[in-house]
Chemist: 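I have a structure here, written as structure tokens, and I will follow up with some questions on it.
The shown structure was predicted, so the numbers you read here are calculated from the model rather than taken from an experiment.
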Amino acid sequence: MSTVDIVLAGARGHGRWHLENIRRLQDKGIVRLAGICELTPLAPNEIPEGLGTPEQSADFGALLDSTGARIAVICTPIPTHTDLALEAARRGVHILLEKPPAPSYAEFRRMADGVAAAGVVCQIGFQSLGSHAVPAIRQLIDEGAIGEPVGVGGAGAWARPEAYYTRAPWAGKRRLNGVDVIDGALTNPLAHAVATGLALNGSTRAEDVTGIETELLRANDIESDDTSCVRVTTAQGRPVTVAATLCAEDPDDPYVLVHGTRGRITFWYKQDRVLLQRADHGPEEYDHGSTDLLENLVDHLTDGTDLLVPPDETGAFMKVVEAIRTAPDPAPLPESAWHLIPGEDRRVVPGIDGLVAASADTLALYSELGAPWAVDTPPKEVST
């Protein structure tokens, strides 16, 4: 198998993870980092040892042309995703596109339709969907391990310092210079909880979503939400509810909870760990592996392996992004509802950890759980 040349657009911030992952695959002889696209070139000490001296340029198209790269990994600000993906597609370059794939459903469709018309493939970077636990859980559901499935709840209780929202001009923004960004808790840092919940419910495509309810709030001095929940009504007849916060008291790993009439399955997607609890059985725990999405993309191109996360499999997630985009701006929490932790530079909402867990347990929104600061918005019917 010949080595596949890659260009990475966006090599700082989360892009550093991609640099390390490319180095891992380069060490295996699968890929070669041919170029890095950044507005300011990386210094030698910013490039992991073993990656050599890739060509660098701020001109993405020119870099693709000069390197002849076959794959572009795009890890740039959210509003740039569609244009960069289409620039790669026009050159016949295949794409790994970081999540969220776009800040609006219209931009997502422009990207997905343009990529398809160009005849290239695109993998969306929801790494949790590469977990071997996902098909294993689906099999447990199909076998009736928890009876009839009745819904899925997601819980994400994370913490971010105030500096998180000043790390880039677009951080914590809903819009920037008139352009959609939609960098909220559910659409970016905890987007995996939403996408994974939808996947385990069998509701990944846009047409699987029939309605969406949102409750968007913020403790931090930002435009976007940092404490929010969403409930998706699906064509499958089972709701998907995800509650998220970046203001947790005691941050913990996020998880997705599949409810059945005779049990439930908990999936800690960052650990690839599954807990099966069902009637007349003791608890059963399983650890699974995971397929790297860039490696899967290379395998798809070289031997026809099925692509794990093509754009249309994230259509339902993008319907959620669109509902959040068009919802009223997140309501600020009253100052009595949060406090700043000295020395940690982060805002905490007392009691939010329990509310997030209760939402996953009951498929209820914050307002239905009695949170005094919750602001609900009317349910939306979703057209496709």
Chemist: Is a salt bridge present between Glu38 and Arg12, judged by a nitrogen-to-oxygen distance below 4.0 Å?
Modeler: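 Result for this pair is yes, salt bridge flagged.
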Chemist: Any non-hydrogen side-chain atom of Ser224 less than 4.5 Å from a side-chain atom of Tyr165?
Modeler: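 No. Closest side-chain heavy atoms not under 4.5 Å.
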Chemist: Is the terminal nitrogen or CZ of Arg174 (NZ for Lys, CZ for Arg) located under 6.0 angstrom from the six-membered ring centre of Trp170 and within 45° of that ring's axis?
Modeler: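 No, Arg174 does not sit over the ring of Trp170.
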Chemist: So does Glu313 pair up with Arg205, basic N to acidic O under 4.0 Å?
Modeler: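 Salt bridge present between Glu313 and Arg205.
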Chemist: Of all residues at least two apart in sequence or in a different chain, which pass the side-chain contact (heavy atoms from CB on, under 4.5 Å) check with Arg109?
Modeler: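 Expected list: Tyr105, Ala112, Asp113, Asp312.
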Chemist: Is the shortest side-chain N to carboxylate O distance from Arg231 to Glu213 below 4.0 Å?
Modeler: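 Here Arg231 pairs with Glu213 in a salt bridge, since their nearest N and O are under 4.0 Å apart.
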Chemist: Whether Arg218 and Asp226 form a salt bridge (side-chain N of Lys/Arg under 4.0 Å from carboxylate O of Asp/Glu) is what I want to check.
Modeler: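 Looking at Arg218 together with Asp226, the answer is no, because their closest N to O distance does not fall below 4.0 Å.
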Chemist: Test of understanding: clusters of I, L, V, M, F, W, Y form through side-chain heavy atoms closer than 4.5 Å, transitively. Do Tyr255 and Val232 belong to the same one?
Modeler: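 Looking at the clustering, Val232 is in a separate group from Tyr255.
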Chemist: Just wondering, do Val152 and Leu198 contact through their side chains at under 4.5 Å, heavy atoms?
Modeler: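 Leu198 does not reach Val152 side chain to side chain.
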Chemist: More than 12 heavy atoms of other residues, nucleotides or ligands under 6.0 Å from CD of Glu335: yes or no?
Modeler: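 No - once you tally the heavy atoms of other residues, nucleotides and ligands closer than 6.0 Å, there are 12 at most.
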Chemist: What orientation do Tyr366 and Trp373 show, parallel under 30°, tilted 30 to 60°, or perpendicular over 60°?
Modeler: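 Perpendicular: the ring planes of Tyr366 and Trp373 meet at over 60°.
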Chemist: Heavy-atom count check: over 12 atoms from other residues, nucleotides or ligands less than 6.0 Å from Asn177 CG?
Modeler: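 Count not over threshold, so no.
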Chemist: Can Arg110 and Glu107 be counted as an ion pair, charged N to O under 4.0 angstrom?
Modeler: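 Judged by the 4.0 Å cut-off on N to carboxylate O distance, Arg110 and Glu107 do form a salt bridge.
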Chemist: Per the ring-ring contact (aromatic ring centres under 6.0 Å, His included) rule, what does the pair list look like for residues 13-46, sequence neighbours excluded?
Modeler: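 For residues 13-46: His14-Trp17, His14-His18.
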Chemist: Taking the basic N atoms (NZ, or NE/NH1/NH2) and the acidic carboxylate oxygens, is any pair closer than 4.0 Å for Arg24 and Glu20?
Modeler: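 Salt bridge flag = no for Glu20 with Arg24.
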Chemist: So, do Ser104 and Glu322 sit near enough that their side-chain heavy atoms are less than 4.5 Å apart?
Modeler: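 Yes, close enough: below the 4.5 Å cut-off.
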Chemist: Tell me, do Val349 and Leu217 make a side-chain contact under 4.5 Å, heavy atoms counted?
Modeler: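 No - every pair of side-chain heavy atoms lies 4.5 Å or more apart.
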Chemist: I'd like to know whether CG of Asp306 has more than 12 heavy-atom contacts from other residues, nucleotides or ligands below 6.0 angstrom.
Modeler: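 At most 12 heavy atoms, drawn from other residues, nucleotides or ligands, come within 6.0 Å of this atom.
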Chemist: Report the C-alpha separation of Ser131 and Asp272 in whole Å, then their side-chain angles, then the decisive distance to 0.1 Å, and conclude whether the side-chain hydrogen bond (donor to acceptor under 3.5 Å, both in side chains) test is met.
Modeler: CA-CA 6 Å; Ser131 175; Asp272 301 312; 2.8 Å; yes
